[in-house]
Amino acid sequence: VAELITLENGKPHQEALTTEIIPVVNLVRYFAGQASRILAPRDIPLHTALHRRSYVHYRPRGVVFVISPWNFPFSIPTGEVVMALVAGNTVVQKPASLTPLIAMKMRELMDAAEVPADVFEVCTTTGATAQQMIEMGVNYVNFTGSTEVGRRVAETCGRHLLPCSMELGGKDPALVLADADPELAANAIVWGAFANCGQVCASVERVHVHEQLHDQLVKKIVEKTKKLRQGDPASFDTDVGAMTDPGQLEVVAAQVDEARERGAKVLTGGAPREGGGGYYYPPTVLAGLDESFEVAREESFGPVLPIMK
């Protein structure tokens with residue numbers, strides 16, 4: 001399973017193990033043991049109405065439609081699918097168009113676990129078809145993906161009064177204050193910015209650092225970033241793999257180019273890797289910019305880290 005994730009998504013093999021497979025194993029084991037307790041009817045105290053009783057009873061919603069992303073193509077949808085099944089629902093999963101194979105592998109694993117085919121279905125199709133499927137009688141929509149697409153999904157659900165949950169993007173900042181430990185901060189920021197090649201909805205997408213620590217922290221971050229090994233994601237000697245989506249690589253490259261043209265300093269990285277195949281963009285650190293730069297304002301979803309004093 002880890003090998004298939006690496007081949008299809010481009011993340012290093014050890015990341016496929018630690019961020020995709022182990023979380024699923026832990027989640028499945030937890031809910032297998034705790035679901036009956038979590039879903040049991042719950043008494044609600046009514047305080048002064050002592051002669052009455054009130055309860056919360058949990059019931060399945062029906063058909064849960066899971067629209068899953070390509071950045072964590074196994075752990076994100078599998079967690080949602082398992083929790084929906086445990087709660088008594090049937091599930092249809094629509095995987096990202098860039099990563100359908102791992103979804104089909106999960107279908108094989110469900111077959112091996114003797115989950116009936118009509119209880120869990122995988123539908124490899126386009127985003128436009130997924131929009132139509134929402135209107136075909138599902139009872140709940142779980143979406144993980146970009147903010148732009150999430151808005152359209154939420155609008156469709158709203159028109160049909162369908163309950164839904166959205167996990168979208170962001171431009172998450174790391175705030176480094178004057179009393180921070182520079183070494184600890186640098187380690188955390190480099191991992192937070194470049195894990196999964198920066199393709200994480202909760203990546204460190206920008207850094208705001210107190211002026212007293214700015215120069216010291218930038219130096220440490222650059223030193224640590226330059227030590228990261230980027231290459232064949234199937235190799236255990238690789239720290240940072242390839243990007244998954246060529247379109248997203250173009251977004252990162254355009255943001256970095258705009259920052260450079262406006263006077264930002266490219267301290268390491270800064271251009272796609274030429275030759276050798278694969279969508280490789282090296283871990284990139286930028287300084288000398290402010291919030292007016294696109295790379296400091298719009299989601300990058302790639303291995304680029306702007307640092308602001």
Side-chain angles (χ1 to χ4, degrees), residues 5-6 8-12 15-16 19-20 68-73 75-76 96-99 144-150 167-174 188-208 218 221-222 224-233 238-262 264-289 291 293-308:
I5 293 169
T6 293
E8 190 170 39
N9 165 271
K11 68 180 60 181
E15 279 196 21
T19 68
E20 298 257 23
S68 58
W70 47 258
N71 61 328
F72 289 93
S75 61
I76 287 179
S97 300
L98 290 169
T99 52
T144 306
S146 70
T147 303
E148 177 185 358
V149 177
E167 182 184 354
L168 310 178
K171 193 68 181 175
D172 306 320
I189 288 168
V190 170
W191 181 83
F194 302 126
N196 200 30
C197 213
Q199 300 168 129
V200 185
C201 62
S203 284
V204 174
E205 287 251 349
R206 55 195 167 112
V207 179
H208 295 277
V218 168
I221 288 175
V222 171
K224 294 176 186 297
T225 300
K226 287 182 176 180
K227 293 179 181 178
L228 296 175
R229 301 163 298 179
Q230 186 174 42
D232 181 1
T238 295
D239 300 310
V240 180
M243 295 186 68
T244 310
D245 183 359
Q248 200 62 41
L249 187 148
E250 293 175 2
V251 169
V252 169
Q255 289 184 350
V256 174
D257 290 345
E258 188 254 6
R260 183 188 288 111
E261 291 168 2
R262 292 188 55 188
K265 298 177 182 178
V266 180
L267 303 180
T268 185
R273 196 175 83 180
E274 299 295 336
Y279 307 126
Y280 290 101
Y281 198 97
T284 298
V285 179
L286 305 174
L289 65 165
E291 290 283 355
F293 287 63
E294 183 178 353
V295 73
R297 190 177 65 252
E298 299 295 333
E299 185 174 30
S300 302
F301 216 68
V304 57
L305 180 66
I307 306 176
M308 290 162 279

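Only heavy atoms go into these numbers, but all of them, side chains included; no hydrogens, no water, no symmetry mates.
With Tyr281 as the aromatic partner, Arg273 does not meet the cation-pi criteria of under 6.0 angstrom to the ring centre and within 45 degrees of the ring axis. Taking the centre and axis of the six-membered ring of Phe72, the NZ or CZ atom of Lys11 falls inside the cone set by 45° and 6.0 Å.
Residues Ile189 and Leu305 are in side-chain contact: their nearest non-hydrogen atoms beyond the backbone lie under 4.5 Å apart. Looking at heavy atoms from C-beta onward, Pro283 lies in side-chain contact with Gln230 at the 4.5 angstrom threshold. Leu228 is listed as a side-chain neighbour of Val190, based on a closest heavy-atom distance under 4.5 Å. Under the 4.5 Å side-chain criterion, counting only non-hydrogen atoms from C-beta, Met243 is in contact with Val252.
For Glu294 (side chain) and Gln255 (main-chain N/O), no donor-acceptor pair under 3.5 Å exists by modelled atom type. In this structure, Arg260 contributes its side chain and Gly270 its backbone to a donor-acceptor pair below 3.5 Å. Of the possible polar contacts, one joining the Asp239 side chain to the Arg229 backbone as a donor-acceptor pair under 3.5 Å is found. Counting only distance, with no hydrogens or angles, the side chain of Ser75 and the backbone of Pro73 share no donor-acceptor pair below 3.5 Å. Remark: the backbone N or O of Ile5 is not paired with any side-chain donor or acceptor of Glu20 at under 3.5 angstrom. Checked by atom type and distance alone, the side chain of Glu258 never pairs as donor or acceptor with a backbone atom of Phe293 at under 3.5 Å.
Considering only residues two or more places apart in sequence or on other chains, Glu15 meets the side chain to side chain donor-acceptor pair (under 3.5 Å) condition with none of them. Shown here are the side chain to side chain donor-acceptor pair (under 3.5 Å) partners of Ser68, two or more places apart in sequence or in another chain: Gln93. Every residue was checked against the side chain to side chain donor-acceptor pair (under 3.5 Å) condition with Thr238, not counting sequence neighbours, and none meets it.
By the 4.0 Å N-to-carboxylate-O rule, Glu299 lies too far from Lys171 to be salt-bridged with it.
Nearest heavy-atom pair across Gly169 and Thr147 is N-OG1, 3.3 Å. Between Trp70 and Gln199, the shortest heavy-atom contact is CZ3-OE1, 3.3 Å. For the residue pair Glu205 and Pro306, the shortest heavy atom distance occurs at O-CD, 3.1 Å. The minimum heavy-atom distance linking Pro282 with Ala271 is given by the pair CD-O, 2.9 Å. Closest heavy-atom contact between Asp172 and Ser203: CB-O, 3.3 Å. When all heavy atoms of Leu289 and Ala264 are compared, the closest pair comes out as CB-CB, 4.2 Å.
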Practice problem: Go through Asn196 and Thr19 one step at a time and tell me if the side-chain contact (heavy atoms from CB on, under 4.5 Å) criterion holds. | Solution: CA-CA 9 Å; Asn196 200 30; Thr19 68; over 6 Å; no
Practice problem: Starting from the C-alpha separation in whole Å, work towards a yes-or-no answer on side-chain contact (heavy atoms from CB on, under 4.5 Å) for Val295 and Leu286. | Solution: CA-CA 9 Å; Val295 73; Leu286 305 174; 3.9 Å; yes
Quiz item: Step by step, would you call Leu168 with Ser146 a side-chain contact (heavy atoms from CB on, under 4.5 Å)?
Solution: CA-CA 5 Å; Leu168 310 178; Ser146 70; over 6 Å; no
Quiz item: Could you walk me through whether Val218 and Val207 pass the side-chain contact (heavy atoms from CB on, under 4.5 Å) check?
Solution: CA-CA 10 Å; Val218 168; Val207 179; over 6 Å; no
Exercise. Apply side-chain hydrogen bond (donor to acceptor under 3.5 Å, both in side chains) to the pair Asn9 and Thr99, showing each step before the final yes or no.
Key: CA-CA 7 Å; Asn9 165 271; Thr99 52; over 6 Å; no
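The distance from the OG atom of Ser97 to the CG atom of Asp245 is 10.0 Å, given to the nearest 0.5 Å. Atom CG of Asn71 and atom CD1 of Ile76 lie 5.0 Å apart (nearest 0.5 Å).
No option in Pro272, Pro303, Pro233 other than Pro233 meets the side-chain contact (heavy atoms from CB on, under 4.5 Å) test with Tyr280.
Around atom OH of Tyr279, no more than 12 heavy atoms belonging to other residues, nucleotides or ligands sit under 6.0 Å away.
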